[in-house]
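See below for the structure under consideration.
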Amino acid sequence: MGLRAPLTCIHHLSLNTSIRVSENSISELEYRRRINMFTNSRRRELTDEEIREIFFNSDDEGDYNTESSGSDSDSEERLPPNLVSLERNPELGEGDDDVEENPEEGPSVVPCSRPEGPVPVEEVRSSDWRTAVDFTPPGPGIEFDSSISGVQNPPETPTAVNCFKMFLSVETVGEIVEETNRYASEQQGKTAIGVIGKLSKWVPACLNEVYTFLAIALLMGLVRKSTLREYWSTDPVLLTPFFASVFSQDRFLNLLRCLHFVNPAHADTRDPLNKIRNVFNALTSAFKRSFIPYKDLCVDESLMLWKGRLGFRQYIPSKRHRFGIKFFVLCDVVTGYVQDMVIYTGATTSIESIEGLGVSGSVVMTLLAPHLGKGHILYVDNWYSSPTLFQHLLHQGTGACGTVRLNRRGMPTFPKKMKRGEVTFRENGTQLAVKWQDKRDVNFLTTVHPSSMAQSARLDHFTGEPKVKPACVLDYNKKMGAVDRADMITSFVDCARKSTKWYKKLFFHLLDTAVLNAYTVHRKLSEERMPYKDFRLKLVKELIQEHPLPRRSTGGRPCINTPLRLTGRHFPSFVPPTEAQGQSTRRHCRVCLYTTRRKRGEKTNPLHVLLM
């Protein structure tokens, strides 16, 4: 009869060794007696040879003596680190088929390697909690190295346009140019013969033109008007001649109409984001590649307004827009840099599903995957927090803190009625749960903060003394708002406008995010400090200067300069005489004539050219 693994004491067995017992080696009674003898001894770290000696060569208790007798309670002592559970090992005593009987060599010893792959999720039980008194969680146990944090592979010259191109590179824009031209040609082919419309004027776009198009779109976020056509209005009240000097109205609207990002023939139609997946992946990859975050991170939701028909449109009443496309965003707390994001599309959301953590926990683990095991501290709200998730993060070298719902599985019980200012702490050895009564119940869960109170910067109106709050509450209030702050900054000057195509509005939202990250990188690399609005204006100017676009005209001498030339340095250029005009080819300098550099009416250098 083959031996079965006992369910009580066999889990106290070995380090990296799985022992198979042959049928004729020892009797089951003797086997159980040796198990009991081993577990009743004082536990210390045993070598593999000692374990084999106990189980196979010992005849009585005298063959293995401990230095002193230990406690009989298994719950009061921890096992030595080399005693690993064999209770779940299916190879131990499951039958005679896999047992190799060799009386000369004795029982076979099979090495057991450490399992590879994801760390299993350990569920936290409500019964594990107890009242905390001066408790400090052990934390992730890894010291964070901040020396490698910051911008990676920075440009040689940290100008606004170079920082922007770290994310929206020439390769990415080149793909947009190719797909836009392909889509425009396809739409022209669908036009009925004899029909003349705006698209009949289409000419293929180039890289410079698309970069200039993006610059004008960014400028529209700074210069607000109710409709696009008002930017080309000739009404003196609404006149903004700069836009007409860069693009004609029809050309800009044609580019906007034909803006496209992927060839449907090569797209995965099962992906709800197939219209913009390649651009989204390129941008998020650039976000992660260009910056290594600091110690503190936060995960929160963001919402892009969209009230049109869309299968994965969400409703979040706590957000300003309420309806729209939901993002899960990972932000660096120190700089506000958007490190990564995931777009929620329902059951097809691009997250790694982890059993035992649910959707919210799987979102956190997907966003944090490149940053685990480095000593980061994560701040989340109560939609993500749970004792099981925090314990799983702790096992992977990451601390966490956040508000929590008391009905989460594994949470401790707290008094239901508490007076204002009262606080109750519970701990389970690795986590601290807090219930603090302010105007309403405030519930927190943390693996990095002690069970102590701290003074805040605000004063109590009744006593005139600083308010006292739990340490985790003060830290959370300082570090949790990075995602909301990024949304607030971009909301004042965002370039996303109402559109009938959801993926176009999503593209302009991603463009705003790329500009925000470029602003963060520019601040880190240069000593220049400027408001975000000024940075966007500077970026627009540099994009137009670096990618000059000749204005298409039906006649006359074409202008090869950008409209910004009138604010820069200018040099004289001789205009040769012609047969028709002779020496009358002299022109007034446009800069000197219409600026304060020379008083109007003074003689102008005849070598200067009238730049039209």
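Sequential numbering from 1 along the given sequence is applied to the chain's residues.
Lys225 places none of its side-chain heavy atoms less than 4.5 Å from the side chain of Met220. Taking 4.5 Å as the limit, some side-chain heavy atom of Phe312 sits within range of a side-chain heavy atom of Leu273. Counting heavy atoms from C-beta outward, Phe247 and Asn254 have side chains that stay 4.5 Å or more apart. Counting heavy atoms from C-beta on, the side chains of Val246 and Thr212 come closer than 4.5 Å. At least one side-chain heavy atom of Leu525 sits under 4.5 Å from a side-chain heavy atom of Pro155. Within the 4.5 Å cutoff, the side chain of Lys165 has no heavy atoms near those of the Val173 side chain. Side-chain contact between Val223 and Phe243 is present, with heavy atoms from C-beta onward closer than 4.5 Å. In this structure the side chain of Thr513 never reaches within 4.5 angstrom of the side chain of Leu283, judged on heavy atoms.
Using a distance-only test at 3.5 Å, with no hydrogens or angles considered, no donor-acceptor pair links the side chain of Ser169 to the main chain of Met166. With Asn181 contributing its side chain and Pro204 its backbone, the two residues share no donor-acceptor pair below 3.5 Å. Between the side chain of Ser233 and the backbone N or O of Arg229, no donor-acceptor pair lies under 3.5 Å. Between the side chain of Gln249 and the backbone N or O of Leu228, no donor-acceptor pair lies under 3.5 Å. Asn274 places a side-chain N or O within 3.5 Å of a backbone atom of Asp271 that can act as its donor or acceptor partner. Although no hydrogens or angles enter the test, the distance criterion places a donor-acceptor pair under 3.5 Å between the side chain of Asp512 and the main chain of Cys495. A donor-acceptor distance shorter than 3.5 angstrom exists from the side chain of Ser499 to the backbone of Lys501, with no hydrogens or angles considered. Put simply, the side chain of Glu143 never gets that close to the backbone of Gly375: no donor and acceptor are under 3.5 Å apart.
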Only distances under 3.5 Å count here; give the side-chain donor-acceptor pairs of residues 502-510 to other protein atoms, sequence neighbours excluded, each with its distance to 0.1 Å.
{"unit_1": "Lys504", "atom_1": "NZ", "unit_2": "Leu256", "atom_2": "O", "d": "2.9"}
{"unit_1": "Lys504", "atom_1": "NZ", "unit_2": "Arg257", "atom_2": "O", "d": "2.8"}
{"unit_1": "Lys505", "atom_1": "NZ", "unit_2": "Leu305", "atom_2": "O", "d": "2.9"}

List the atom pairs, with distances to 0.1 Å, where a side-chain N or O of residues 260-268 and a protein N or O form a donor-acceptor pair under 3.5 Å, not counting sequence neighbours.
{"unit_1": "Asn263", "atom_1": "OD1", "unit_2": "Ala265", "atom_2": "N", "d": "3.1"}
{"unit_1": "Asp268", "atom_1": "OD1", "unit_2": "Arg270", "atom_2": "N", "d": "3.2"}
{"unit_1": "Asp268", "atom_1": "OD1", "unit_2": "Arg270", "atom_2": "NE", "d": "3.2"}

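Looking at Asp494 and Arg536, no side-chain N of the basic residue comes within less than 4.0 Å of a carboxylate O on the acidic one, giving no salt bridge. In this structure, Glu301 does not pair ionically with Lys319, as no charged nitrogen and carboxylate oxygen lie closer than 4.0 Å. The existence of a salt bridge linking Arg182 and Glu186 is confirmed by a sub-4.0 Å separation between a basic side-chain nitrogen and an acidic carboxylate oxygen.
Of all heavy-atom pairs spanning Val521 and Cys163, the tightest one is CG1-SG, 4.0 Å. In terms of heavy-atom proximity, Gly150 sits nearest to Tyr294 at CA-OH, 4.1 Å. Residues Leu393 and Met365 share a closest heavy-atom pair of CD2-SD, 3.5 Å. Taking both residues in full, the closest heavy atoms of Val210 and Ala205 are given as CG2-CB, 4.4 Å, listed atom of the first, atom of the second, then distance. Pairing each heavy atom of Arg485 with each of Val333, the nearest pair is NH2-O, 4.1 Å. Taking every heavy atom of both residues into account, Thr398 and Gly373 meet most closely at OG1-N, 3.8 Å.
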Item to check | From CA spacing to verdict: side-chain contact (heavy atoms from CB on, under 4.5 Å), Val170, Leu207 | outcome: CA-CA 8 Å; Val170 174; Leu207 186 72; 3.6 Å; yes
Item to check | Val329 vs Asp340, side-chain contact (heavy atoms from CB on, under 4.5 Å): CA-CA, chis, key distance, verdict | outcome: CA-CA 6 Å; Val329 184; Asp340 196 6; over 6 Å; no
Next on the checklist: Set out, in order, the CA-CA distance, both residues' side-chain angles and the distance that settles side-chain contact (heavy atoms from CB on, under 4.5 Å) for Cys298 and Val483, then state yes or no.
Outcome noted: CA-CA 8 Å; Cys298 76; Val483 176; 4.0 Å; yes
Next on the checklist: Run Asp332 and Thr520 through side-chain contact (heavy atoms from CB on, under 4.5 Å) and show every step you take.
Outcome noted: CA-CA 11 Å; Asp332 176 62; Thr520 303; over 6 Å; no
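Judged by the 6.0 Å distance and 45° axis criteria, Lys307 is not positioned over the aromatic ring of Phe323.
Side-chain contact check for Ser302 and Asp487: at least one donor-acceptor pair (N or O, by modelled atom type) lies under 3.5 Å. Counted by atom type alone, Ser248 and Asp250 present zero donor-acceptor pairs between their side chains at under 3.5 Å.
Using a 30° and 60° split on the angle between ring planes, Phe287 and Phe167 fall in the perpendicular class, above 60°. Classification of the Phe164-Tyr211 ring pair by plane angle, with boundaries at 30° and 60°, yields perpendicular.
Going from atom CG of Leu474 over to atom NZ of Lys479 covers 11.0 Å, rounded to the nearest 0.5 Å. For the atom pair CG of Leu511 and CG of Leu168, the computed distance is 6.5 Å after rounding to the nearest 0.5 Å. Note that OG1 of Thr234 is 7.5 Å distant from CG of Leu239, once rounded to the nearest 0.5 Å. Atom OG1 in Thr284 sits 8.0 Å away from atom CE in Met341 (nearest 0.5 Å). Here the straight-line distance linking atom CD1 of Ile292 with atom CD of Gln339 works out to 8.5 Å at 0.5 Å rounding. Summarising the geometry, atom NZ belonging to Lys198 is positioned 13.5 Å from atom SG belonging to Cys258; distances are rounded to the nearest 0.5 Å.
Annotation: Asn153, atom CG; neighbour count of heavy atoms from other residues, nucleotides and ligands within 6.0 Å does not exceed 12. Counting non-hydrogen atoms of neighbouring residues, nucleotides and ligands closer than 6.0 angstrom, the CZ atom of Arg529 exceeds 12 such neighbours. Around the NZ atom of Lys295, the shell of radius 6.0 Å holds no more than 12 heavy atoms that belong to other residues, nucleotides or ligands.
Counting only residues at least two apart or on different chains, the side-chain hydrogen bond (donor to acceptor under 3.5 Å, both in side chains) pairs with a member in residues 361-385 are Tyr379-Asp475.
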